[in-house]
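Working notes, structure below.
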Amino acid sequence: MSPRFRSRPVLLMLTGAAAAAVVVASCGRSTSTATTGAATDAASKVYVAPGQYDEFYAFVSGGFSGNLPVYALPSGRLLRDIPVFSQYPEKGWGYSEQTKAMLNTSYGFVPWDDAHHPELSQTDGVPDGRWVFVNANNTPRVARIDLTNMETMEILEVPNAAGNHSSPFVTMNTEYAVAGTRFSVPIPNADVSISEYKDKFSGTLTFIKVDKATGRMSIAFQLLMPGFDYDLAHAGKGPSHGWAFFTSYNSEQASTLLEKNASQNDKDFIAAVNWKRAEECVAQGKATDLPSRYAHNVVGEGHIARTEFGTSVKLITPAQCEGVVYFLPTPKSPHGVDVDPSGEFISAGGKLASVIPVHSFAKMTAAIEAKTFENTVSGVPVLKYDAILSCEVKEPGLGPLHTEFDDKGNGYTSMFISSEVVKWRVSDCTVLDRIPTYYSLGHIMIPGGDSRKPWGKYLLAMNKITKDRYLPTGPELNQAAQLIDISGDKMKLLLDFPTVGEPHYAQGLLASVIKDKQVRNYPLAENADPFATKSEKEAKVVRKGNRVDIHMTQIRSHFMPDNIEGIQVGDSVYFHVTNLEQDWDVPHGFAVLGNRNAELLVMPGQTRTLTWVPERVGVHPFYCTDFCSALHQEMQGYIRVSPKGSAPAIAYNTSK
Ligand code: K7E
Ligand code: CUA
């Protein structure tokens, strides 16, 4: 353990001092003129007047919420929470018949996950506003969200992986989204003793092809790697386009008490993968087909999600494909790896390291050319640290994790242990400024800060510990984000706000890139759901055996039909609810008494289906859950449930 990491008292001191500052600032009594001035200045910088729009969208991962909240910056207002990997009853996500398939995996229906890294699609290294991808960490998956409707359109499972953490970072033109496995496991997974970790466990780095026109994902190939933990990634750009960089820790290949056993080596590695070389090897038939079952869920015709299962992947190994991967020695159990806007500099955050190393891509390629190798590890050449280093940021603080970049040649690194953001010059690693955060921040985000053209201006620090920052809420305090002004030489704290779930990474996008492309409704005429009911006249109830299909419409402020009889206990009742509205911002909801499912929230022009198996005799009201008009409370109906075998004939009211 390095002496730096041990110096916890520093943390405590910082935290204590920071806490004192907070008390002073928040009770507002001992304000000097200077403090008041600064606060007013900060307030004016984040104040977005009612009715005015913010400058940026921020897609902030929900962490263990499994979803993707969208905030606006600089105000910090929460715009929306996009359901992704977790069932979301408010929107019927993962409950309605049309969306259930999105949560299918080879393990079955998985209603939750841990989402860490949103990543915007890029064209020529610049966020293009088409899609945002996000990873599922636990049951390995990558989701694609469409930025015109902010809905999850696709979820692809990543087979031969366990803990999809270094994901889903995209290449410069979104040729690929990458997905490295955090946990090494036997590949293919099998009944193997954990004591055989060193011999039998491997990692995989997956390259997911993204279709240029549709965004549709498919697994191009997987690279088999030594059994380390592959933690974070970022793709090259500009000169380093064609490469992707993955940090790894546990080069010790420990399988127990990693806290100690994986902290032995002075340096671990960044794996630099030449994916263009990998493409050549695959084209030359050097890959093997590894039988692999994985789910691929896509929203298609009729806004309905369907699952297909993949059956194999192309697997390449470093031995079969010389030149596909090199190791860059990097101190010490590195976490984040980040590529600066020029594409020349690659920095890494060693959780236990006393410096932030900045590697040079030009030096790296020269070292590969000259074979300046330290040795090889599991067949992968290890480049000499000194040969590839551009510079080291000295005494940056404690526990460097993640770096983002501005548009002026500076890097900003989050220091988890010392709870601060440190600003440094990329060209020579000089520390320029530092600012405390509250507390223990993980990722930071600058809009465009991992692209070729950062918008700069703001930095969002995402904090793990919130204690004493807000009114207390029992043992659990939400995580928080802090907005920092980076437009001047000195960073300035502007605002902080609690977040939904645990924010890990985030992506910021200039609002004007997508603001005017937002879908306002779905054209009813184009509704391709087989159970769509496009006018009240078509509304009907149809029994087939013990299945009952209710073709129902909604428009302000009634359902058609709204009185239904002839249902019996144990029937499978499908409410196919079509919202006939064609106006913006007029969803209707649907819920029925005693249903052991969720509500539906139906967008204008859309059809959603709720399944209900009535278990009790009686009259069951249903109603619209979304306050849609002055007569929203009148938007209700009844469904009569009779005993099994004794129901009257199906009957319902019609629009006549
Ligand atoms: Cu650092 Cu999962 Cu990217 Cu959290 S990770 S902080
Ligand atoms: Cu429809 Cu409330």
Side-chain angles (χ1 to χ4, degrees), residues 60-66 113-119 133-138 140 163-169 178-183 229-234 246-247 249 333-338 348-351 399-404 413-417 419 421 437 439-445 450 460-465 479-481 499 501-507 552-560 562 577-581 583 585-591 599-604 606 608 621-637:
V60 180
S61 76
F64 44 62
S65 88
D113 220 299
D114 183 14
H116 281 223
H117 306 121
E119 172 87 341
F133 301 88
V134 65
N135 66 319
N137 198 28
N138 186 51
N164 176 42
H165 194 255
S166 34
S167 171
F169 302 93
V178 305
T181 188
R182 168 174 165 200
F183 304 106
D229 291 57
Y230 296 89
D231 205 14
L232 264 303
H234 260 109
F246 297 82
T247 44
Y249 62 95
S333 298
H335 185 55
V337 55
D338 300 282
K351 291 162 305 212
L401 291 187
H402 297 286
T403 298
E404 290 265 292
T413 302
S414 57
M415 314 303 288
F416 178 81
I417 299 173
S419 283
V421 176
T437 60
Y439 306 94
S440 303
L441 73 175
H443 278 273
I444 52 181
M445 179 276 277
D450 70 340
L460 194 70
M462 287 159 280
N463 306 324
K464 309 297 184 189
I465 311 282
Q479 279 81 1
T499 59
E502 179 181 345
H504 289 266
Y505 197 32
Q507 293 269 277
M552 178 183 270
T553 61
Q554 302 175 303
I555 196 159
R556 281 163 287 180
S557 293
H558 58 274
F559 295 95
M560 189 57 63
D562 67 357
V577 184
T578 300
N579 180 346
L580 299 178
E581 308 279 356
D583 286 345
D585 200 15
V586 193
H588 292 288
F590 177 84
E599 71 160 350
L600 294 175
L601 196 62
V602 193
M603 296 305 125
Q606 198 178 42
R608 302 281 93 167
F622 57 84
Y623 73 105
C624 172
T625 51
D626 187 328
F627 211 111
C628 50
S629 75
L631 298 174
H632 155 82
Q633 283 303 82
E634 281 71 12
M635 193 165 173
Q636 65 173 52

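Whatever order the structure lists them in is the order used to number ligands and atoms, beginning at 1. Small disclaimer: the values here were computed from a predicted structure and weren't measured. The residues of the chain are indexed from 1 along the displayed sequence. Values below: all heavy atoms of this structure, side chains included; hydrogens, waters and symmetry mates excluded.
His116 contributes ND1 as its N, O or S atom closest to atom 2 (Cu) of ligand 1.
Of all non-hydrogen atoms in Ser65 and Gly501, the two that sit nearest each other are CB-CA, 4.2 Å. Contact between Asn579 and Pro587 at its shortest, heavy atoms only, is ND2-CA, 3.7 Å. The minimum heavy-atom distance linking Gly163 with Pro140 is given by the pair N-CG, 3.8 Å.
Dense packing is recorded around CZ of Phe64, with more than 12 heavy atoms of other residues, nucleotides or ligands lying under 6.0 Å away.
Protein N/O/S atoms closer than 2.8 Å to atom 2 (Cu) of ligand 2, listed by chain and residue number, are Cys624 SG, Asp626 O, Cys628 SG, His632 ND1.
Counting atoms of ligand 1 from 1 in the listed order, those under 4.0 Å from a heavy atom of Gly442 are 6 (S). The contact set between ligand 1 and Leu232, taken as ligand atoms under 4.0 Å from a residue heavy atom, comprises 3 (Cu). Numbered from 1 in the order shown, with element, the atoms of ligand 1 that lie under 4.0 Å from a heavy atom of His335 read 1 (Cu), 5 (S).
In this structure, CD1 in Ile444 is found 10.0 Å from CG in Leu460, a value given to the nearest 0.5 Å. Atoms CG and CD, from Leu580 and Gln606 in turn, are 13.0 Å apart once rounded to the nearest 0.5 Å.
Between Tyr505 and His443, the angle of the ring planes lies from 30° to 60°, which puts this pair in the tilted group. By the 30° and 60° cut-offs, the orientation of the rings of His116 relative to His165 is perpendicular. Between His117 and Phe169, the two ring planes are tilted [angle within 30° to 60°].
Contact annotation: for Met462 versus ligand 1, there are no heavy atoms closer than 4.0 Å.
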What's the verdict on side-chain hydrogen bond (donor to acceptor under 3.5 Å, both in side chains) for Thr413 and Thr403, showing C-alpha distance, side-chain angles and the deciding distance?
-> CA-CA 4 Å; Thr413 302; Thr403 298; 2.7 Å; yes

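For His504, every N, O or S atom stays at 2.8 Å or more from atom 2 (Cu) of ligand 1. The nearest N, O or S atom of His443 is closer to atom 3 (Cu) of ligand 1 than 2.8 Å.
Compare His165, Lys464, His117 by their heavy atoms: the one nearest to atom 2 (Cu) of ligand 1 is in His165.
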